[in-house]
Amino acid sequence: MLDTLIEALRGVLPVEWVITDPVRLRTYECDGLTYHRATPGVVVLPETAEQVARVVGLCNEFAVPFVARGSGTGLSGGALPREDGVLIVTSRMRRILEVDLPNRRAVVEPGVTNLAITEAVRDQGYYYAPDPSSQQICSIGGNVAENSGGAHCLKYGFTVNHIEACEIVTPDGDLVTLDRMDPGYDLLGAFVGSEGTLGIATKITVRLSRAPQAVTTVLAAFESIEQGGKAVSAIIGAGIVPAAIEMMDALAIEAAEAAVACAYPAGAGAVLIVELDGPAVEVERQFERLREICSDAFELRVAADPAERAAIWKGRKSAFAAVGRISPAYIVQDGVVPRTSLPRVLAEIDRLSAAYDIRVANVFHAGDGNLHPLVLFDDAEPGAGERAEAVSGAILDLCIEHGGSITGEHGVGVDKAKYMPKMFSEADLDTMQLVRCAFDPRGLSNPGKVFPTPRLCGEVPGVRKGVHPLVESGRAEQF
Ligand SMILES: Cc1cc2nc3c(=O)[nH]c(=O)nc-3n(C[C@H](O)[C@H](O)[C@H](O)COP(=O)(O)OP(=O)(O)OC[C@H]3O[C@@H](n4cnc5c(N)ncnc54)[C@H](O)[C@@H]3O)c2cc1C
């Protein structure tokens, strides 16, 4: 089927945009989570929404699965290709189609990078608020699919709060538009965060935000992570909602220092980066209160200008990559706990780290309880990878035990599909399949992601005995 499909693809796209050369295919075999790899059957590089629709239409005709890929920075294996399928890469779809400042909107193609949107409107005093640390390279299509977050999402909300409309190619190849203003069910809300399983976004209308009048960025250095954690709770408890509150522990600071020489205060057990923004008078008052709350900090630095602000952010923004300086291999974990559980969960992570003899560096969006433990190991050491995996999984179990979630912003992808039954009941997962089936009854759009395989359209793992109730009731088909 794939060979016949490839011939058909060459009829709808220039031949050089249909990649079958085995060496070139390897470029696309993983995303940012490199230990899940698969060589795609074929890669296509469409330039227009109509081309995406024709490619998807052909996949549907030949019953071949397809996977969308933006910049491939995902950290849950969401863009992991299929050896028997088509990888549809949006890197040629990089046009900003319209900027409408009076209505605070921009219409962009899915391959446009997150930061490019802000760069297009910054001089006019606007910006696109969600700011993943990967914003220089990740695509807005990937952001929509993952409902990505970022340091400033504490105050401004995640991607879902900044998307006004999406033109999508449905899994049967139709081009339709989902608009926030549409009456009826919030289908746009269902699409954002669906990790490429409900179709491919081909045009995205984003909300633009006004740049704040004043910004104050503070770096507070504490002797211990507990002191830093207490400060976070106290800040939120005082009714302050900073634009961002980020925390890094000593190991993460050590890595950032080795990678980008960020010159954070020496000897800190934890640093807190707090950014306040808004009307100047409000920011000034909040800063005075913040200074009182952070009285335990042994050093408090306030950025005097944009260069100093950038210097404070440099260590945090480069933290994931930085751990490569102190460890040959690492797993970037992503989980959420209620803010009040942070101290207990961090103590448990410490305990796990000692028990498994695996170092864990902690970087997190502390304001919304989103942990990013970086589980460090030496992949040359026999058994170390397995121990790191065990620690990483145990951290997710902790998040669930504390009423949190297995992902805050990196998505479920292929990596965490196995944890879904720990968070959701059979009935929950079946109900989610109804949504999936409504968009993609044949299960061709990014199959094997988010839900534990072979759970597609109502199947449960293992051999099903008898007909699934959803099939029996005529609400789903089983293939
Ligand atoms: C150093 C680093 C820092 C990061 N920091 C953050 C952070 O702070 N916050 C955060 O949330 N994430 C972060 N990430 C994760 C990642 O950058 C985001 O998930 C990002 O949104 C992925 O975008 P992408 O274009 O690379 O998507 P890809 O990795 O290419 O794809 C991700 C998912 O989106 C789907 N997809 C891609 N394009 C489309 C489309 N047009 N239509 C439908 N589905 C599509 C894919 O099928 C896949 O399931 C970080 C990653 C790295 C490497």
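First listed ligand is number 1; within each ligand, the first listed atom is number 1.
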Are any of the N/O atoms on Ser71, whether in the backbone or the side chain, positioned under 3.5 angstrom from an N/O atom of ligand 1?
yes
Any N/O pair Arg69/ligand 1 closer than 3.5 Å:
no
Under 3.5 Å, N or O to N or O, is Leu75 touching ligand 1 that way?
no
For ligand 1 and Phe320, I'd like to know whether there is a polar contact (N/O to N/O, distance under 3.5 Å).
no
Hey, is ligand 1 close enough to Ala145 that some N/O pair sits below 3.5 Å?
no
Ile200 N/O to ligand 1 N/O under 3.5 Å
no
Polar atom proximity, Asp31 to ligand 1 (N or O, under 3.5 Å)
no
Give the single entry among Gly142, Ala319, Ala201 that approaches atom 27 (O) of ligand 1 most closely by any heavy atom.
Gly142
Strictly distance-based, threshold 3.5 Å: is any side-chain N or O of Tyr264 a donor or acceptor partner for the main-chain N or O of Ile312?
yes
Looking at every non-hydrogen atom in both residues, tell me the closest pair between Arg94 and Val112 and how far apart they are.
C-CG2, 3.5 Å
Side chains of Phe364 and Glu246: does their closest heavy-atom pair fall under 4.5 Å?
no
When you compare ligand 1 with Thr73, is there at least one nitrogen or oxygen pair between them that comes in under 3.5 angstrom?
yes
Establish, yes or no, whether the cationic atom of Arg210 lies under 6.0 Å from the six-membered ring centre of Tyr126 and within 45° of the ring axis.
yes
Would you say Pro132 has any N or O atom under 3.5 Å from an N or O of ligand 1, going by distance alone?
no
Looking only at non-hydrogen atoms, which of Pro110, Cys138, Ser134, Gly32 approaches atom 4 (C) of ligand 1 most closely?
Ser134
